[in-house]
Amino acid sequence: MEVSSPGRICLFGEHQDYLGLPVIAMAMNLRLQIHGQRRNDKKIIIHLPDIGKSESFIINDSINTKPKNIFTSGIKICIEEGLSYSRGFEVEILSRIPIQAGAGSSSALVVTWINFLSQMADNPIDWNSEKIAQLSYQSEVVEFNLPGGMMDQYSSAFGNCIYLQTAPRITIQKLNPNLGFFVLGDSCEPKDTIPILKRCRDMRLNIIQKLKKRDPNFDLHNQDPVDISFLSKDEQNIFNSTVNNRDILSKVLPELSKDQPDPLFIGKCLLEHHEILRDVLDVSTVKIDNMLDAALDAGALGGKITGSGGGGCMFAYAPDNPEIVAEAIQKAGGRSFVINSDIGTSVKKI
């Protein structure tokens, strides 16, 4: 059995989804794979050669109550969904996605694991993309009370380019996946995801709470003018930037729905988004900005940081000259990968 899922880049809506605002994400052709087969006992053995580790555990009742990582969490979620496992299995996990770099590697792992578990159950089940995404989010975020949104799991499960809205209900719109080439640039700078997500989320949730206290009908989705004069200057700047990011997505969405989107317009909007992430949310780094500048000098049409920030990856939009842009990013000190959109999680029975 082989199951694979893609990493992702966030085109628009970075640091917005956990506020209930929509995002546009693109699954990329850097994928994570799980190869596995059943055992004759109840032992689960997981080989992780990319990081030189392995682990094992026994399927038992304790997995149902105290998940210690996403592997046991995934088992717990699947058992709660009615699946059963009378036999264990042995797997090898391989990935081309940069690890802990803002490219969706952890969510690709969870999505692949949930899909794999659905196939390895005593009575295998073919869950659809939305079900796999939902259970992956529950397994990765809800079980561990983490501050992330749903973008990564849904992007990896569905694949290609999607518009994801999570409030007032989850809706997914498939967009034109034929945007041409991008170049992913890994700064190789370590990042601390959870504190960055928590900082960017909490400071804006606090502002939203103040606005709702003053006006119970306040809705961040509503584009009507809002009186923010009572907020501090810093709070006003953060709120306005959140609204600007929301509006950048709104104006680019119709373009990404076209059969032939305008690459120059998309590139311009990407840069507008990055400037807010860099200057207001303060999630970019000097090295990532230098990599993006090098990509633009080499002919990229736009780009931005992707993921929580504070290190990790950026990407450049280079539909016509990806190899030249990739070389420029490497000269600026990053690792580069020419990427395009790819399908979501998939199963191959060997």
Asks: Any non-hydrogen side-chain atom of Ile276 less than 4.5 Å from a side-chain atom of Ile248?
Replies: yes
Asks: Hey, can you pull the donor-acceptor pairs under 3.5 Å for the side chains in residues 292-308, sequence neighbours left out?
Replies:
unit_1: Lys304; atom_1: NZ; unit_2: Cys10; atom_2: O; d: 2.8
unit_1: Lys304; atom_1: NZ; unit_2: Glu14; atom_2: OE1; d: 2.7
unit_1: Thr306; atom_1: OG1; unit_2: Cys10; atom_2: N; d: 3.1
unit_1: Ser308; atom_1: OG; unit_2: Lys191; atom_2: NZ; d: 2.7

Asks: Which residues satisfy the side-chain hydrogen bond (donor to acceptor under 3.5 Å, both in side chains) test with Glu255, sequence neighbours excluded?
Replies: Lys258
Asks: Do Tyr85 side-chain atoms and Leu117 backbone N/O form a donor-acceptor pair below 3.5 Å?
Replies: yes
Asks: Within the structure provided, determine whether Ile228 and Asn240 are in side-chain contact (heavy-atom separation under 4.5 Å).
Replies: yes
Asks: Take atom CD in Gln209; do more than 12 heavy atoms of anything else shown fall under 6.0 Å from it?
Replies: no
Asks: Answer yes or no: does atom NZ of Lys174 have more than 12 heavy-atom neighbours from other residues, nucleotides or ligands under 6.0 Å?
Replies: no
Asks: Please confirm whether the backbone N or O of Lys348 pairs with a side-chain atom of Glu2, one donor and one acceptor, at under 3.5 Å?
Replies: no
Asks: Can you check side chain to side chain donor-acceptor pair (under 3.5 Å) on Asn244 and His273, steps first, answer last?
Replies: CA-CA 8 Å; Asn244 287 342; His273 190 7; over 6 Å; no
Asks: For Phe182, give me all partners under ring pair (Phe, Tyr, Trp, His ring centres under 6.0 Å), at least two apart in sequence or on another chain.
Replies: Phe315, Tyr317
Asks: State whether a side-chain donor-acceptor pair under 3.5 Å links Gln16 with Arg204.
Replies: yes
Asks: Who pairs with Gln330 by side-chain hydrogen bond (donor to acceptor under 3.5 Å, both in side chains), at least two apart in sequence or on another chain?
Replies: Ser336
Asks: Regarding Ser229 and Asp227, is there a side-chain donor-to-acceptor distance under 3.5 Å anywhere?
Replies: yes
Asks: Return yes if a side-chain donor-acceptor contact under 3.5 Å exists between Ser73 and Ser139, otherwise no.
Replies: yes
Asks: Side chain to side chain donor-acceptor pair (under 3.5 Å) between Gln119 and Asp126: does it pass, once the steps are laid out?
Replies: CA-CA 7 Å; Gln119 300 296 316; Asp126 291 323; 2.9 Å; yes
Asks: Around atom CG of Asp224, are there more than 12 heavy atoms of other residues, nucleotides or ligands at under 6.0 Å?
Replies: yes
Asks: Salt-bridged, Lys43 to Glu90, with N to O below 4.0 Å?
Replies: no
Asks: Other residues, nucleotides and ligands only: do more than 12 of their heavy atoms fall within 6.0 Å of CG on Asn128?
Replies: yes
Asks: In a check of side chain to side chain donor-acceptor pair (under 3.5 Å) between Thr112 and each of Ser107, Ser5, Ser4, which one passes?
Replies: Ser5
Asks: Restricting to pairs with a member in residues 248-270, which pass ring pair (Phe, Tyr, Trp, His ring centres under 6.0 Å), not counting sequence neighbours?
Replies: none
Asks: Could you tell me which residues satisfy ring pair (Phe, Tyr, Trp, His ring centres under 6.0 Å) with Phe239, sequence neighbours excluded, listed by chain and number?
Replies: none
Asks: For Phe89, check ring pair (Phe, Tyr, Trp, His ring centres under 6.0 Å) against everything at least two apart and list the hits.
Replies: Phe116
Asks: Are any of the side-chain nitrogens in Glu81 or Lys131 under 4.0 Å away from the carboxylate oxygens of its partner?
Replies: yes
Asks: Salt bridge between Arg39 and Asp41, side-chain N to carboxylate O under 4.0 Å?
Replies: yes
Asks: What salt bridge (charged side-chain N to carboxylate O under 4.0 Å, His left out) pairs are there with at least one residue in residues 143-172, not counting sequence neighbours?
Replies: Arg8-Asp152, Lys76-Glu143
Asks: Between Ile44 and Ile46, is there a side-chain heavy-atom distance shorter than 4.5 Å?
Replies: yes
Asks: Would you say the side chains of His47 and Glu55 form a donor-acceptor pair under 3.5 Å?
Replies: no
Asks: Just to verify, what does Gln138 make a side-chain hydrogen bond (donor to acceptor under 3.5 Å, both in side chains) with, not counting sequence neighbours?
Replies: none
Asks: Give every residue pair that meets the salt bridge (charged side-chain N to carboxylate O under 4.0 Å, His left out) criterion with at least one member in residues 334-344, sequence neighbours excluded.
Replies: Arg31-Asp342, Asp186-Arg335
Asks: Ignoring hydrogens and geometry, is there a side-chain-to-backbone donor-acceptor pair from Asn69 to Thr72 under 3.5 Å?
Replies: yes
Asks: Taking atom types as modelled and ignoring hydrogens, do the side chains of Glu272 and Asn245 form a donor-acceptor contact shorter than 3.5 angstrom?
Replies: no
Asks: Taking the side chain as every heavy atom from C-beta outward, state whether Met26 and Ser341 have any pair of such atoms under 4.5 Å apart.
Replies: yes
Asks: Please tabulate, for side-chain N and O atoms in residues 91-100, each donor-acceptor pair with protein atoms closer than 3.5 Å (sequence neighbours left out).
Replies:
unit_1: Ser95; atom_1: OG; unit_2: Ile97; atom_2: N; d: 3.0
unit_1: Arg96; atom_1: NH1; unit_2: Asn29; atom_2: O; d: 3.3

Asks: Lys42: which residues meet the side-chain hydrogen bond (donor to acceptor under 3.5 Å, both in side chains) condition with it, sequence neighbours left out?
Replies: none
Asks: Which class fits the ring pair His15 and Tyr18: parallel under 30°, tilted 30 to 60°, perpendicular over 60°?
Replies: perpendicular
